[in-house]
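One structure is given here, and the rest of the page talks about it.
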Amino acid sequence: MNLFETEFLFCILSGFFLFHTLSRISEEGKRNDLIFHWTFIIVFGFLLTEVLKKWGIRSEIWNTDSVFAYITKTNLLLFLSHSSLEERWFSFEPVRRFFVSIFLFLFWVGVLFGIHFFQTTILVQDNTLVLPFAISLGAFVWIREMFWPLDGAGKQELTYDSSRFVYLSFLPVAFLVLSPWKADVQFYSYVSNFLFYGIASSLGFFLVSKWKKEEVSSASEIGIWMGTLAFSSCLGTDILVVLPLAFLSGIFGRLLYSYLASLRWSESGIRGVLSFLYPAILGVFLPFLLAEPNLWVHSPYVLLGVQVLYFLSFYLVACFSFGIILFFKQK
């Protein structure tokens, strides 16, 4: 399968981001508002990028050379933008909401450039370039839970999502559109490994829920994100080694869910932290356990420092950006 066909499949797959985001919104007016913003940013961003290219301003990181790759990346970043605020996004006035959505989208585009800097200048142990997105989104969720609680957020309930397990399994795979392996013949074997990591983590999560006889809303989503993101930095490691660890990560994640629930966190806050921040922390340090030492890009102590810097850079910038949004929200 050539690169064009791969990008086309990923473009179709990225449509799940919009579908999944809309499925969380119950009011038709809010759905229409989100679709308008989503479509406007895709079209306007495409036209702006084309105009800049005509003026000789072009980037290898963000371009429209492949329309399918552009749409996939845009859907991915818009999903991250909405997930950063979720229901809080609708608390802004319409005009302010529009500018906040633009600001968030530009922030995630900036994350792409940050990833490029770390990959080409400092060198980090991250095979798929996924971790910065998980780190940043996890930071957004953590800060919004600490400093922007919503009345009744803790009472929010979502339907049990076992019926959506199939499409949720493929949701994180769209992140691999950024992978450097897209043109390799082994790319789809890596995709299959990505799916297995998420499924193994989900099984661990479900096992504890069955043992505790407690159902958790969004259980499939949390379990799948945990496995795929945590072990993305070790993609290519023997799958028989990774699967038991992915299973254990799901078990520990479910125990962490119970702890956060005991602190009366909102459902969306628990889901966001467990789906993104928790696996991101694991993913930053798992290469020390799973990657062969001869594949490390630095000596052990230097690599440790680089990985910590990798995490803190995206975490702190995300916190600062969320602070700007808090400053401009309605009092």
Non-hydrogen side-chain atoms of Arg144 and Pro149 separated by less than 4.5 Å: no
Contact summary for Ser321 and Phe103, nearest pair of heavy atoms: O-CE2, 3.7 Å
Phe147, CZ: over 12 other non-hydrogen atoms inside 6.0 angstrom: no
Flag for His298-Gln125: side-chain donor and acceptor within less than 3.5 Å: no
Cluster check Trp296, Tyr301: I/L/V/M/F/W/Y, side chain < 4.5 angstrom: no
Ile224 versus Leu168, closest heavy-atom pair with distance: CG2-O, 3.5 Å
Trp38 reachable from Phe36 in the ILVMFWY side-chain graph, under 4.5 Å edges: no
Interatomic distance, Ser268 atom OG to Arg88 atom CZ [nearest 0.5 angstrom]: 5.0 Å
Ile115 CD1 to Asp126 CG distance, which is reported to the nearest 0.5 Å: 7.5 Å
Exam field: side chain Asn63 to backbone Ser59, donor-acceptor pair closer than 3.5 Å: yes
Non-hydrogen side-chain atoms of Phe194 and Pro172 separated by less than 4.5 Å: yes
Side chain proximity check, Thr237 to Glu292, heavy atoms < 4.5 angstrom: no
Centroid-centroid under 6.0 Å between His116 and Trp62 rings: no
Main-chain N/O of Gly269 paired to Ser266 side chain as donor or acceptor, under 3.5 Å: yes
Polar side-chain atom of Ser201 near backbone of Tyr197 as donor-acceptor pair, under 3.5 Å: no
Side chains of Tyr257 and Ile222 in contact at under 4.5 Å (non-hydrogen atoms): yes
Within 6.0 Å of CZ in Phe187, more than 12 heavy atoms from elsewhere: yes
Remaining members of the apolar cluster that contains Ile12, side-chain heavy atoms under 4.5 Å: Phe4, Phe8, Phe68
Under 3.5 Å donor-acceptor, Ser66 side chain and Ala69 backbone: yes
Pair Glu214, Ser209: side-chain N/O donor-acceptor within cut-off below 3.5 Å: no
Side chain proximity check, Thr72 to Asn75, heavy atoms < 4.5 angstrom: no
Validation row: Phe92, Leu85 side chains within 4.5 angstrom (heavy atoms): yes
Least distance between heavy atoms, Ser136 atom then Ala318 atom: O-CB, 3.6 Å
Lys53 side chain to Thr64 backbone, donor-acceptor under 3.5 Å: no
Stepwise ring-ring contact (aromatic ring centres under 6.0 Å, His included) test for Trp225 and Phe175: CA-CA 11 Å; Trp225 282 115; Phe175 277 91; 5.7 Å; yes
Full working for side-chain contact (heavy atoms from CB on, under 4.5 Å) between Leu112 and Leu178: CA-CA 9 Å; Leu112 281 176; Leu178 304 170; 4.0 Å; yes
Pairwise side-chain contact, Val124 with Gln119, heavy-atom cut-off 4.5 Å (strictly under): yes
Test item: side-chain donor near acceptor, Arg254 and Ser258, under 3.5 Å: yes
Separation between CE of Met226 and CG of Leu256, rounded to the nearest 0.5 Å: 9.0 Å
Ser189 side chain vs Gln186 backbone, donor-acceptor pair below 3.5 Å: yes
Check: Trp142 ring centroid to Phe322 ring centroid under 6.0 Å: no
Check: Phe140 ring centroid to Phe107 ring centroid under 6.0 Å: yes
Expected output: side-chain Ser233 to main-chain Val284 donor-acceptor under 3.5 Å: no
Contact check, side chains of Ile41 and Ser101, non-hydrogen atoms, under 4.5 Å: yes
Non-hydrogen atoms of Leu9 and Tyr188 that approach each other most closely: CD1-OH, 3.7 Å
Neighbour count >12 (heavy atoms, 6.0 Å) for atom CZ, Phe320: no
Thr121 (side chain) donor-acceptor with Phe118 (main chain) under 3.5 angstrom: no
Within one Ile-Leu-Val-Met-Phe-Trp-Tyr cluster: Ile57 and Val51, side-chain cutoff 4.5 Å: yes
Cationic N near anionic O, under 4.0 Å, Lys30 to Glu87: no
Which atom of Val173 lies closest to which atom of Phe10, heavy atoms considered: O-CE2, 3.3 Å
Crowding at CZ, Phe90 (>12 non-hydrogen neighbours, <6.0 Å): yes
Test side-chain contact (heavy atoms from CB on, under 4.5 Å) applied to Ser232 and Leu131, step by step: CA-CA 8 Å; Ser232 64; Leu131 288 181; 4.0 Å; yes
For the student: nearest non-hydrogen atoms of Glu267 and Ser218, plus distance: OE2-OG, 3.4 Å
Phe285, CZ: over 12 other non-hydrogen atoms inside 6.0 angstrom: yes
Check: residues 273-283 side-chain donor-acceptor pairs under 3.5 Å, at least two apart:
from, atom 1, to, atom 2, distance (Å)
Ser275, OG, Arg271, O, 2.7
Tyr278, OH, Ser249, O, 2.9

From Leu260 atom CG to Glu145 atom CD, the distance as rounded to the nearest 0.5 Å: 9.0 Å
Co-members of Leu295 in a cluster of I, L, V, M, F, W and Y side chains, linked at under 4.5 Å: none
Working for side-chain contact (heavy atoms from CB on, under 4.5 Å), residues Asn127 and Tyr190: CA-CA 11 Å; Asn127 292 343; Tyr190 292 139; over 6 Å; no
Test item: side-chain donor near acceptor, Tyr70 and Thr49, under 3.5 Å: no
Joint cluster assignment, Phe205 & Tyr259, ILVMFWY side-chain distance < 4.5 Å: yes
Mutual orientation of the aromatic rings belonging to Tyr310 and Phe314 [parallel < 30°, tilted 30-60°, perpendicular > 60°]: perpendicular
Separation of Ser313 OG from Ile122 CD1 (nearest 0.5 Å): 7.0 Å
Whether Trp89 and His82 hold their rings parallel, tilted or perpendicular, with breakpoints at 30° and 60°: perpendicular
Phe247 and Leu203: CA distance, side-chain angles, deciding distance, side-chain contact (heavy atoms from CB on, under 4.5 Å) verdict: CA-CA 7 Å; Phe247 183 76; Leu203 288 175; 4.0 Å; yes
Leu289 side, atom CG; Leu245 side, atom CG - distance, nearest 0.5 Å: 6.0 Å
